[in-house]
There are 2 protein chains.
Amino acid sequence: MYYKPFVQFFIGKRSYMELKPEKSVPARHDHQNCIDTALQEAERVLEDKGARMTGIRRLVLQYIWRNHCAVKAYDILGFLGDRKGSAKPPTVYRALQFLQDHGLVHRLESLNAYIGCPYPAENHNGQFLICNDCGTVKEFTTPEILRAVDIAADTQGFEVSHQTHEVLGRCQDCREQGNGLD
Amino acid sequence: MYYKPFVQFFIGKRSYMELKPEKSVPARHDHQNCIDTALQEAERVLEDKGARMTGIRRLVLQYIWRNHCAVKAYDILGFLGDRKGSAKPPTVYRALQFLQDHGLVHRLESLNAYIGCPYPAENHNGQFLICNDCGTVKEFTTPEILRAVDIAADTQGFEVSHQTHEVLGRCQDCREQGNGLD
DNA sequence: AGAATTGTGTTATGTTATAACATATCGCTG
DNA sequence: CAGCGATATGTTATAACATAACACAATTCT
Ligand SMILES: [Zn+2]
Ligand SMILES: [Zn+2]
Ligand SMILES: [Zn+2]
Ligand SMILES: [Zn+2]
């Protein structure tokens with residue numbers, strides 16, 4: 001049994017689930033720098049490919065980068081609704097698809113959620129550490145994993161097209177701060 | 001861009017998606033043996049834990065083991081409906097949760113689908129090769145992957161609770177038989 | 001300007017999953 | 001075997017996630 005980084009809350013009798021917000025967004029680094037870098041990189045990557053960074057796509061990417069937690073599609077939808085009057089699911093999913101296709105965001109299959117990629121210029125499969133407690137997602141790359149998969153696939157005659165590696169658990173900050181009961 | 005093992009079909013003008021069925025179920029091995037072994041092992045594992053193998057749970061597990069493809073919850077629902085008159089989603093999801101909790105099936109996050117575990121006695125995280133072409137799923141275990149994850153997690157002070165490793169691609173059979181266009 | 005391509009708006013619906021509460025069944029104990 | 005607590009199932013309703021299909025607008029190319 002393991003826990004997913006969601007929090008439950010109530011309005012009246014009805015309960016809702018929401019991705020846990022990152023406990024302390026600004027504490028440990030200059031996150032505005034993360035945002036700026038990500039957006040600049042994105043513009044550059046798309047420019048290089050002759051793809052268009054439109055208003056909606058930029059908004060979605062900015063929202064995804066508001067912190068280091070995974071973002072749910074319908075949260076983005078709500079955000080766009082606030083900013084643009086009316087937005088419908090296809091608007092969000094199309095933007096997400098585009099951003100994924102160009103390597104700017106990754107989809108976290110185990111959360112049905114999305115996270116900005118810090119290395120959009122390099123074509124890669126992401127590997128992720130996901131904190132069940134604060135919701136922070138950290139992308140990492142371990143050549144050993146890729147090599148191990150290649151070997152396993154080769155011995156089976158299997159041709160790899162895409163990989164998903166998602167690791168759930170508890171991040172250092174939460175282990176240090178937490179009471180263990182959370 | 002990669003493909004998921006779904007096939008599209010039409011009824012009238014409307015299109016539907018369905019998990020691709022395994023191309024040739026019986027060809028290469030005695031699958032009845034897989035089924036029998038899985039079911040016996042399941043009984044034994046549950047017995048050891050003092051957990052109950054009920055009618056519904058057995059039916060669901062049998063259906064999951066009908067071949068080596070991943071199974072969607074609502075396909076199971078349809079199957080149960082055929083066999084039991086009326087079955088509703090919670091019936092299926094409860095059975096699946098139970099089977100997962102006892103290590104008898106794994107959930108494939110990238111497909112929203114479920115697959116029987118050939119090694120239910122050993123507590124483990126699955127690693128999977130998933131064929132986009134025929135839908136066959138093969139569980140494998142590569143200690144190198146686990147070790148690499150442990151190392152990566154340790155260096156970040158991250159405490160691992162659960163891992164997902166899913167590899168999409170094309171299996172050997174499909175590469176040999178296929179025309180490359182599929 | 002006109003055509004082709006790409007992006008967005010909109011409606012409707014498909015697909016996956018859970019909450020909440022009622023009822024039944026099981027396994028034990030007296 | 002009656003009564004009780006625990007476990008399992010039935011049932012209704014709805015939440016949460018995602019796409020098809022088609023209309024229309026904006027951009028780019030010629
Ligand atoms: Zn940051
Ligand atoms: Zn990445
Ligand atoms: Zn078999
Ligand atoms: Zn397994």
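Chain identifiers are assigned alphabetically (A, B, ...) following the order of the sequence lines, protein sequences preceding nucleic acid strands; residue numbering begins at 1 within each chain.
One can place CD of B/Glu109 at 14 Å from P of C/dT16, the figure rounded to the nearest angstrom. Atom CD of B/Gln97 and atom C1' of C/dT16 are 14 Å apart (whole Å). Atoms CG (A/Leu96) and C1' (D/dC17) sit 12 Å apart, rounded to a whole Å. Regarding A/Leu77, its CG atom lies at a distance of 12 Å from the P atom of D/dA18, rounded to whole Å. Atoms CE (A/Met53) and P (C/dT8) sit 11 Å apart, rounded to a whole Å. Note: CG (B/Asp101) to P (D/dT7) measures 14 Å, nearest angstrom. Taking atom CG on B/Leu80 and atom C1' on D/dT9, their separation rounds to 12 Å, with Å as the unit. Between A/Lys49 atom NZ and C/dT6 atom P there is a gap of 15 Å when expressed in whole angstrom units.
Of the candidates C/dC26, D/dT28, D/dT12, the closest approach to any side-chain atom of A/Arg52 belongs to D/dT28. In the set D/dT9, C/dT16, C/dT18, C/dT16 carries the atom at the smallest distance from any side-chain atom of B/Asn112. For B/Ile56, whose side chain is taken as the heavy atoms from C-beta onward, the closest listed nucleotide among D/dA18, D/dG10, C/dT11 is D/dG10. Distances from the side chain of B/Pro89 to the nucleotides D/dA18, D/dT7, C/dA17 place C/dA17 closest.
Under the 3.5 Å distance criterion, with hydrogens and angles disregarded, no donor-acceptor pair is assigned to the side chains of A/Gln40 and A/Asp36.
Of the side-chain N and O atoms in A/Thr91, one or more sit less than 4.0 angstrom from OP1 or OP2 of C/dG9. For the pair B/Arg107 and C/dA17, the criterion of a side-chain N or O lying under 4.0 Å from OP1 or OP2 is met. Contact check, A/Tyr93 against D/dA18: a side-chain N or O comes under 4.0 Å of OP1 or OP2. The side chain of A/Lys88 places an N or O atom within less than 4.0 Å of a non-bridging phosphate oxygen (OP1 or OP2) of C/dT10. For C/dT8, the OP1/OP2 oxygens have a side-chain nitrogen or oxygen of A/Thr54 closer than 4.0 Å. Between B/Lys72 and C/dT15 there is no side-chain N or O to OP1 or OP2 distance below 4.0 Å. A close approach under 4.0 Å does not occur between any side-chain nitrogen or oxygen of A/Ser86 and OP1 or OP2 of C/dG9.
At a cut-off of 3.5 angstrom, counting only N and O atoms as typed in the model, there is a donor on one side and an acceptor on the other between the side-chain of B/Arg94 and the base of D/dG10. With hydrogens and angles ignored, no donor-acceptor pair closer than 3.5 Å exists between the side chain of A/Tyr74 and the base of D/dA15.
With values rounded to the nearest 0.5 angstrom, B/Leu104 atom CG is found 6.0 Å from B/Met53 atom CE. Between the OH atom of B/Tyr93 and the CD1 atom of B/Ile76 there is a distance of 8.5 Å, given to the nearest 0.5 Å.
There is no path of hydrophobic side-chain contacts, each under 4.5 Å, that joins A/Val137 to B/Val160.
Across all non-hydrogen atoms, the minimal contact from B/Cys117 to B/His106 is SG-NE2, 3.2 Å.
Mapped onto DNA chain C by nearest heavy atom, B/Tyr114 and A/Arg57 fall at different nucleotides, with A/Arg57 at the one closer to the 5' end.
Using cut-offs of 30° and 60° on the angle between ring planes, the pair A/His31 and A/His29 is perpendicular.
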